[in-house]
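Notes follow the structure.
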Amino acid sequence: MALTIPPVKLKWLEHLNSSWITEDSESIATREGVTVLYSKLLANKEVVLLPQQVLCLKGPQLPDFERESLSSDEQEHYLDALLNSQLALAKMVCSDSPFAAALRKRVLVLQRIFYALSNKYHDKGKVKQQQHSPENNSGSADLHSVSERPRSSTDALIEMGVRTGLSLLFALLRQSWMMPPPPGPGGAPGGNINLCNDVIHTAIDVVSSLPPLSLANESKIPPMGLDCLAQVTTFLKGVTMPNSGADILGRRLASELLLGLASQRGSLRYLLEWIEMALAASAVVSTMEQSKVLLNQEGLIGYDCFMNILMQMRRSLGSSADRSQWREPTRTSDGLCSLYEAALCLFEEVCRMASDYSRTCVSPDSIQTGEAPVVSETCEVYVWGSNSSHQLVEGTQEKILQPKLAASFADAQTIEAGQYCTFVISSDGSVRACGKGSYGRLGLGDSNNQSTLKKLTFEPHRAIKKVSSSKGSDGHTLAFTTEGEVFSWGDGDYGKLGHGNSSTQKYPKLIQGPLQGKVVVCVSAGYRHSAAVSEDGELYTWGEGDFGRLGHGDSNSRNIPTLVKDISNVGEVSCGSSHTIALSKDGRTVWSFGGGDNGKLGHGDTNRVYKPKVVEALQGMFIRKVCAGSQSSLALTSTGQ
């Protein structure tokens with residue numbers, strides 16, 4: 001049987017480049033020559049063999065919980081998935097042929113020789129390596145460091161052309177504004193100033209045509225582009241001042257272009273810089289008024305231009321914003337408004353957005369008893385989807401195809417959708433439930449369906465802060481209190497309730513054992529396992545252990561909460577069907593473990609992981625929240641990505 005090449009990790013060593021340059025590249029035309037050179041890669045550990053990927057022969061599986069009959073679309077989906085699985089299997093078998101194995105070896109050897117040649121005779125490889133080094137990943141790096149990076153002669157020529165072109169453009173614009181225009185026919189004014197203003201107007205049209213926040217992700221903008229933006233911004237700031245030499249229209253257009261760029265970049269920094277510019281220009285105008293040298297229409301900006309950007313920001317606040325508080329600048333008969341008023345309106349809008357955003361950042365732990373709740377007492381809840389077990393508390397059991405306002409949830413502060421059931425937490429910490437009642441999943445003491453919300457009883461009495469209910473298996477639920485205690489109820493298979501057995505629990509029951517005395521700040525109910533995070537950053541898991549979903553290094557199940565020993569400083573956890581995602585307190589590290597099918601662990605493969613493993617692709621980001629689904633995972637960054 002022919003040997004196949006398993007997945008490999010490439011690590012080219014710079015000091016070996018000279019030896020690879022002298023290799024006879026024509027020798028790879030024969031299998032013997034390829035084998036010799038590939039063995040050299042292995043001996044030098046420039047190619048590191050990774051564990052052979054497990055060949056998954058399972059086809060699409062139906063969910064392991066009750067569901068309605070499959071629609072034709074769902075049947076087509078499963079059929080497509082089966083065909084894709086067979087196609088993937090055929091590709092894998094073909095790729096493991098002796099010819100394919102030799103071809104992969106040949107490509108790796110060629111890649112190594114090319115790397116050695118490119119590093120010796122070209123410096124593009126060095127530029128790429130420099131750009132991916134950790135010290136250059138910081139978003140706060142100085143723009144002037146661009147010129148210090150190694151770059152090719154072509155890059156240097158392009159940069160020189162862009163820099164000199166911008167400098168020439170700025171110089172021509174300043175000169176045209178400063179010099180008196182030559183008279184036109186019949187003594188009419190010349191067109192130099194109009195030409196300058198046309199240049200800025202064209203730039204405004206280009207920026208306005210871009211989708212919102214097109215320049216927000218600076219990591220996607222080349223360093224040269226950021227440098228150009230900085231130069232343009234500096235030039236425009238100077239133009240906006242009344243003593244810059246530009247005419248009134250030119251100053252107004254410059255302020256509008258600056259505002260458009262600040263809006264597209266979407267950062268608080270650039271919006272505040274525009275406000276600072278507008279206030280500075282207004283201060284100069286005020287001085288000119290006192291000196292009685294003020295010209296007409298000085299210190300103004302286009303009303304429509306400003307309001308378009310302001311309304312774009314207001315739309316982001318949604319329908320919950322208090323529109324009665326909104327201020328707008330006074331519009332003149334010429335369709336203009338005061339720069340000073342515009343700056344105040346924009347500053348108010350920034351403060352309002354910050355206030356709206358800060359409500360989403362408040363930790364439940366920081367809300368002391370007696371303080372106003374984060375969510376308004378008059379909140380509205382919309383429901384949609386299957387209502388087959390009255391889980392949406394509507395009179396009919398028909399599907400709700402679009403969001404519908406549900407009056408029954410009017411006093412809800414937090415809602416949790418489980419498997420055919422719904423839980424509601426009120427402002428007083430009480431919990432009510434409705435929907436399917438099998439296996440005691442509602443925690444009401446029986447297995448009956450509940451068509452209206454009914455209050456749960458917690459013994460001893462406690463105020464509940466958060467509920468997490470499983471979306472699979474036979475349904476189980478976790479809840480933690482304001483004091484950090486954890487209750488569980490529902491189906492107890494695999495020990496996922498954490499009470500030391502596999503019994504069904506029809507009333508909420510306090511979890512003892514290792515969690516006793518711990519202050520829990522996060523819980524998550526997966527399909528067949530559960531997890532909790534304590535205030536001191538410890539992660540506990542229990543339930544079914546196959547695929548390594550518990551993170552203890554094996555496939556064994558646990559029926560009581562068990563400490564995951566390999567990580568610390570955990571702040572949040574989310575359980576999926578067969579995998580688990582954990583997030584550190586500082587938001588800088590994400591771990592994943594369990595079943596890796598469909599790449600849901602984020603490690604670049606589909607392998608199972610039995611202990612927490614850092615998701616390298618998210619390193620360097622600040623993560624606010626993670627979520628594990630059935631066959632996928634999500635992470636939300638601090639910048640909203």
Side-chain angles (χ1 to χ4, degrees), residues 56 61 63-65 415-419 423 466-480 486 488 490 494 496 498 520-534 537-553 555 557-558 561-562 564 566-567 569-585 587-619 621-637 641:
C56 180
Q61 295 178 332
D64 57 356
F65 54 85
I415 55 177
E416 170 72 2
Q419 186 200 14
F423 296 90
K466 186 76 169 62
V467 169
S468 177
S469 188
S470 172
K471 279 71 176 175
S473 193
D474 291 317
H476 75 293
T477 303
L478 305 175
F480 69 92
V486 181
S488 65
Y494 317 106
K496 60 191 175 186
V520 172
V521 296
C522 178
V523 294
S524 181
Y527 277 35
R528 295 178 177 175
H529 72 300
S530 306
V533 175
S534 65
E538 293 180 333
L539 173 63
Y540 292 83
T541 59
W542 62 97
E544 186 174 42
D546 63 346
F547 300 103
R549 71 185 82 185
L550 299 184
H552 301 304
S555 296
S557 298
R558 269 80 170 175
T562 305
V564 179
D566 293 289
I567 54 175
N569 196 36
V570 180
E572 182 183 335
V573 66
S574 180
C575 298
S577 60
S578 62
H579 74 299
T580 307
I581 309 289
L583 173 65
S584 64
K585 284 184 177 181
R588 288 179 173 271
T589 307
V590 176
W591 300 272
S592 64
F593 48 94
D597 43 322
N598 297 303
K600 61 189 177 186
L601 295 185
H603 301 308
D605 54 38
T606 58
N607 298 333
R608 298 177 185 177
V609 175
Y610 291 87
K611 289 185 177 182
K613 182 178 179 181
V614 174
V615 181
E616 298 290 346
L618 296 177
Q619 289 289 84
M621 302 181 188
F622 286 96
I623 306 299
R624 290 183 56 199
K625 187 172 181 61
V626 292
C627 186
S630 171
Q631 299 298 325
S632 60
S633 304
L634 304 172
L636 176 66
T637 72
Q641 294 174 297

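Atoms considered below: every heavy atom in the structure, side chains included; atoms not considered: hydrogens, waters and symmetry mates. Note that the coordinates shown come from a computational prediction; the quantities given were computed from them, not determined experimentally.
- Taking the side chain as every heavy atom from C-beta outward, V570 and P612 never approach each other to under 4.5 Å.
- Between A582 and I567, the shortest heavy-atom distance links the atoms CB-CD1, 4.4 Å.
- Rounded to the nearest 0.5 angstrom, I623 CD1 and L636 CG are separated by 7.5 Å.
- Side-chain atoms of L539 and T541, non-hydrogen and from C-beta on, do get closer than 4.5 Å to each other.
- In this structure a side-chain-to-backbone donor-acceptor pair under 3.5 Å is present from S557 to G545.
- Here the closest heavy-atom approach between residue S524 and residue V573 is recorded as CB-O, 3.6 Å.
- Shown here are the side chain to side chain contact (heavy atoms under 4.5 Å, CB included) partners of S555, two or more places apart in sequence or in another chain: Y610.
- For the pair W591 (side chain) and K613 (backbone), a donor-acceptor distance under 3.5 Å is absent.
- At least one donor-acceptor pair closer than 3.5 Å links the side chain of E416 to the backbone N or O of S469.
- Considering all non-hydrogen atoms of both residues, K600 and I581 come closest at O-CD1, 4.4 Å.
- In this structure, S574 contributes its side chain and A628 its backbone to a donor-acceptor pair below 3.5 Å.
- In this structure, G526 and S470 approach most closely via the heavy-atom pair O-OG, 2.8 Å.
- When side chains are defined from C-beta on, Q641 does not count as touching M621, because their heavy atoms never get closer than 4.5 Å.
- Side-chain atoms of T562 and H552 include no donor-acceptor pair closer than 3.5 Å.
- No option in K496, R528, R558 other than R528 meets the salt bridge (Lys or Arg N to Asp or Glu O under 4.0 Å) test with E544.
- Here the closest heavy-atom approach between residue Q419 and residue G475 is recorded as OE1-N, 3.6 Å.
- Remark: side-chain polar atoms of K466 are not paired, donor with acceptor, to backbone N or O of V521 under 3.5 angstrom.
- H603 and S592 are linked by a side-chain donor-acceptor pair at a separation below 3.5 angstrom, with hydrogens and angles left out of the test.
- Put simply, the side chain of F480 does not reach to within 4.5 Å of the side chain of S468, judged on heavy atoms.
- Contact annotation: the side chain of S577 approaches that of Q631 to within less than 4.5 Å [non-hydrogen atoms, C-beta and beyond].
- Looking at every heavy atom in both residues, G576 comes nearest to H529 through O-CE1, 3.4 Å.
- For the pair R588 and F622, the minimum side-chain heavy-atom distance is below 4.5 Å.
- Annotation: side chain of Y527 is in contact with side chain of K471 (closest heavy-atom distance under 4.5 Å).
- Heavy-atom neighbours of K611 NZ from other residues, nucleotides or ligands within 6.0 Å: at or below the threshold of 12.
- Contact of the L550 side chain with the T580 side chain is not registered, since no non-hydrogen atoms from C-beta on lie closer than 4.5 Å.
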